[in-house]
Peer 1: 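First the structure, which I've put down as structure tokens, then a few questions once you've had a look.
Since the structure is predicted, the reported quantities are computational estimates derived from the model, not experimental observations. The analysis underlying the following values was restricted to heavy atoms, covering all of them including side chains, and did not include hydrogens, waters or symmetry mates.
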Amino acid sequence: MSFLESLNEKQQEAVKSAQGPVMIVAGPGSGKTRVLTFRIAHLISIGVPAYQILALTFTNRAASEMKDRVVKLVGEKSTQLWMGTFHSVFARILRTECEQVGFQKNFSIYDSQDSLGLIKGVMEAQGISWQRFNPQAIRSRISGAKNQLIGPDEAARRATDIFEEKAAQVYAEYQRRLKQFNAMDFDDLLLKPIELYTLHPKTLAKYQDRFRFILIDEYQDTNRAQYTLIKMLADRYRNICVVGDDAQSIYAFRGADIRNILDFERDYPEAKTIRLEQNYRSTRSILAAADTLIKHNVDQIPKDLWTENTEGDPISVVACDDDKDEGLTIVSRIFEESRRLKLDMKDVAIMYRTNAQSRSLEDALRRQNLPYAIVGGVEFYQRKEVKDVMAYLRVLVNPRDQESFLRIVNYPVRGLGDVALEHFLAFAGSAGVDLPSAALRAGEIALLTPKAKSGIASLGALFEKYRRMSAEMSLSELSRAYVDEIGILKIFKDEGNPEAMARWENVQELLSAISEFSASRPDATLEQFLQDVSLLSNMDEWDDKHNAVTLMTLHSAKGLEFPLVFVAGLEEGLLPFYSSSIERKELEEERRLLYVGMTRAMRKLTLTHARIRFRFGEMSYQSPSRFLEEMGGGAVLTESVHRGSPYRSAATTAAPRPSRKPAATRGDRFVPDEQPDYDSEALSADDLKAGKFVEHEIFGKGKVVYVVGTGESLKAVVDFPQVGRKNLLLKYARLKIV
DNA sequence: ATTAGGCGATTTTTT
DNA sequence: ATCGCCTAAT
């Protein structure tokens, strides 16, 4: 086959091993995507019908790109291929099969924000205080349990402290309500199919028979639920091919389980393992530094990455005065390097640990008139006005969706408060009807004020009207008329200020998106649109057609490559992040995260750190990241820039910077080993470090999350299990180290 | 007694 | 920019 000739020997082997289980361990830049694409094309070319192939990717974007490439290789017969993220593929399957697990086909999909709202409601109903038990923490605990396939009952049995007991209690009611609301959260999109296949072996057999060839990309980032699901599906034909790299596993915090890679060979003893170790992407300098860094991890499968590429430029490490300076430095280097290497702006990426860091970078780019695009950040579909309209649409599709109903029941204002809502919910509950039906009968609720009665009744009438009309109108007409009648466009217009006009435009943009969606496919439904939007990943929205610098988090950078890469904020507390610098496993994940970022670079990599960073409303002294030392000195060029900046004068008058002795001992060349005398306070920055346990007179024992400021204004943020996070001024707090 | 609007605190990573 | 709490207005 002609298209195989461009592959190396290992890659060809990976492509041609069509039958049986295969694990491909693919280092960064080793042509993994090409292998996957060619493998699919190969399967089709040897006669496998495209609809028997299921390919799971990490983003929908990756899926559609890969699909396009397969079409180019083998033509239109490949369009029946099933390709997408775990969540979108199984949401699609659930759309047809969910009745077997007690859901209606029009079920809603709740994102984390919706889930959190629901959890708060449950906690309120159960009389669990939001102050004592952080709803966000409860949510992530529940999600964690679900990812490990632990149900509410088992969670309750396993609970060892009051927090876990409460979480389990909330969990049980949360699941009950999701079912009642005909809604699923992200985790359910994986759990319900497992339930479906367990309860209905015939259905499982149908899908096993359907998907005879399964491919999974980014296998290192799959969780236990995904693993189980795939194991079920692949059990019959065992034609499963997973591609991953343990060194690029960066989603353990979300339940990704490294055992999935390690267990693969145990579950499939006949599996063939193929290693792709030749890197085609990066210069030798870049690869060497990344490799030296990642070798500091204990948990890893040994690999020998190599490249035939040239040595290239050394990696630059630039020390900047502060975060503004960091932005300016990066911008001026973008100018220099892009000219020197003859690159466009679309060849440049700036990566960082937290979304909050994009602000100062954006400022610098804007000031220099450099075009840029941000991946993620405050996403369009997360904006309040967009979520509000989406909630209206969801209620139309799924009247049982109480969470969405409650979101918009008093927006625009209809004269309803907590009390009126209580009465209304009680009425709906005793009448045993969904909320839109109850709203139509608001007149029957004696306890409501006239204003509340008419407000709710008109909302009920609105839903009723558009539910009827949905049969006769096109999707795009319907949504426009509906949104118009909701009245929020008028509110924004009347308000007239720039923010309101921006919101007005966002709603218009949402309507355009609906029109576009309905024009793009003949069978477009509102259900389908809502589902697609719920399952968008932030990469899916990224437009790489524009010639602009790309800004994104290190997490979003996975799978991409750019000739010129900047990683900003290589500082202790930021990368590695505060709370992740204590546990070895978490620290190793931070290291992998930087590894992912570094290995995105093809020709030139620049790492920056700031000495002072404006965080949490004040200046904070930052030490260079320990990872810089861990890269070894060989290919690294250390530089330091000084530039005037508004923070500078304040900085130079401040107390000497707290000393710090990084944990790593080798290659201390990036950090001058200074040890200023610093003993004035009983507790100084020397004693008080992130991760230490301290005792407070009132709050009890807690863990230090991080420390900011110096001398008199030395502050610590401490996590107390009972009372939560407290910001303490050391001068007064009188903490004791435990 | 209720509700609406103002004010202040907050910021890891995400399907 | 958004959320949650508090107080003024009804």
Peer 1: So if I take every side-chain heavy atom of Lys384(A) and compare against dC3(C), dG5(B), dT13(B), which nucleotide ends up nearest?
Peer 2: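 For the Lys384(A) side chain, the nearest candidate turns out to be dC3(C).
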
Peer 1: Does the side chain of Arg503(A) get closer than 4.0 angstrom to OP1 or OP2 of dT2(C) through an N or O atom?
Peer 2: yes

Peer 1: Just the rounded figure in Å: distance from C1' of dT15(B) to CG of Asp187(A).
Peer 2: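 The distance from CG of Asp187(A) to C1' of dT15(B) comes to 9 Å, rounded to the nearest Å.
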
Peer 1: Separation of Arg414(A) atom CZ from dT10(C) atom C1', in whole Å?
Peer 2: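 So the CZ-C1' distance, Arg414(A) to dT10(C), works out to 20 Å.
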
Peer 1: Any side-chain N or O of Asn410(A) below 4.0 angstrom from OP1/OP2 of dA4(B)?
Peer 2: yes

Peer 1: Check the geometry between Phe253(A) and dT13(B) and answer yes if their rings are stacked (centres below 5.5 Å, planes below 30°), otherwise no.
Peer 2: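 So Phe253(A) counts as stacking on the base.
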
Peer 1: Do Lys384(A) and Tyr411(A) form a cation-pi contact, if we require the NZ or CZ to be under 6.0 Å from the six-membered ring centre and within 45 degrees of the ring's axis?
Peer 2: yes

Peer 1: Send over the distance from Tyr110(A) OH to dT15(B) C1', rounded to a whole Å.
Peer 2: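 The answer, rounded to whole Å, is 18 Å.
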
Peer 1: Where do Gln622(A) and Ser620(A) land on the side chain to side chain donor-acceptor pair (under 3.5 Å) test, with the steps shown first?
Peer 2: CA-CA 6 Å; Gln622(A) 303 287 102; Ser620(A) 150; 2.7 Å; yes

Peer 1: Can you measure Arg592(A) atom CZ to dT13(B) atom C1' for me and round it to whole angstrom units?
Peer 2: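 Taking CZ of Arg592(A) and C1' of dT13(B), I get 13 Å after rounding.
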
Peer 1: Identify which nucleotide among dT3(B), dA4(B), dT14(B) has an atom closest to any side-chain atom of Tyr251(A), counting heavy atoms from C-beta outward.
Peer 2: dT14(B)

Peer 1: Could you tell me the separation between the NZ atom of Lys387(A) and the P atom of dA1(C), rounded to a whole number of Å?
Peer 2: 19 Å

Peer 1: Output yes when Lys324(A) and Asp363(A) qualify as a salt bridge under the 4.0 Å nitrogen-oxygen rule, no when they do not.
Peer 2: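 Salt bridge: no.
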
Peer 1: Within the structure, does a side-chain N or O atom of Asn147(A) lie under 4.0 Å from either OP1 or OP2 of dT15(B)?
Peer 2: no

Peer 1: Whole angstroms only, please: what is the CD-C1' distance between Glu583(A) and dT13(B)?
Peer 2: 17 Å

Peer 1: Between Val413(A) and Glu589(A), which is nearer to the 5' end of DNA chain B once each is assigned its nearest nucleotide?
Peer 2: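 Its nearest nucleotide lies further toward 5', so the answer is Val413(A).
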
Peer 1: Which nucleotide, dC3(C), dT13(B), dT3(B), lies nearest any side-chain atom of Val419(A)?
Peer 2: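 Out of dC3(C), dT13(B), dT3(B), the nucleotide with an atom closest to Val419(A)'s side chain is dT3(B).
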
Peer 1: Heavy-atom nearest nucleotide on DNA chain B for Gly415(A) versus Glu590(A): which residue maps closer to 5'?
Peer 2: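 Nearest-nucleotide comparison on DNA chain B picks Gly415(A).
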
Peer 1: Compare side-chain N and O positions of Ser88(A) against OP1 and OP2 of dT15(B) and report whether any pair is under 4.0 Å apart.
Peer 2: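 No.
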
Peer 1: For the pair Arg394(A) and Asp114(A), find out whether any cationic side-chain nitrogen is under 4.0 Å from an anionic carboxylate oxygen.
Peer 2: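 Between Asp114(A) and Arg394(A) there is a salt bridge, with a charged N closer than 4.0 Å to a carboxylate O.
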
Peer 1: For the side chain of His87(A), starting at C-beta, report the closest nucleotide among dT15(B), dA4(B), dT14(B).
Peer 2: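 So the side chain of His87(A) is nearest to dT15(B).
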
Peer 1: Please tell me if Ser556(A) has a side-chain N or O lying less than 4.0 Å from either OP1 or OP2 of dT14(B).
Peer 2: yes

Peer 1: Is it true that His555(A) and Tyr251(A) have ring centroids separated by less than 6.0 Å?
Peer 2: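 Distance test on ring centres: under 6.0 Å, yes.
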
Peer 1: Using a cut-off of 4.0 Å on non-hydrogen atoms, how would the nucleic acid contact of Asp418(A) be classed: base, sugar-phosphate, or nothing?
Peer 2: sugar-phosphate

Peer 1: Just to be sure I understand the rule, does Leu189(A) reach a base, reach only the sugar-phosphate, or reach nothing, if contact means heavy atoms closer than 4.0 Å?
Peer 2: nothing

Peer 1: Can you check the Lys146(A) NZ to dT15(B) P distance for me, whole Å?
Peer 2: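 Distance check: Lys146(A) NZ to dT15(B) P gives 18 Å.
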
Peer 1: Counting heavy atoms from C-beta on, name the nucleotide in dT15(B), dT13(B), dG5(B) closest to the side chain of Ser112(A).
Peer 2: dT15(B)

Peer 1: So, OP1 or OP2 of dC5(C): does either fall under 4.0 Å of a side-chain N or O from Gln131(A)?
Peer 2: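 Result: yes.
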
Peer 1: What nucleotide among dA4(B), dT15(B), dT13(B) has an atom nearest to a side-chain atom of Phe186(A)?
Peer 2: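 Comparing dA4(B), dT15(B), dT13(B) against the side chain of Phe186(A), the answer is dT15(B).
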
Peer 1: Return the value, rounded to whole Å, for the distance between atom CZ of Arg139(A) and atom P of dT15(B).
Peer 2: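 Whole-Å distance recorded here is 13 Å.
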
Peer 1: Hey, are the side chains of Leu594(A) and Met598(A) touching, using non-hydrogen atoms and a 4.5 Å cut-off?
Peer 2: yes

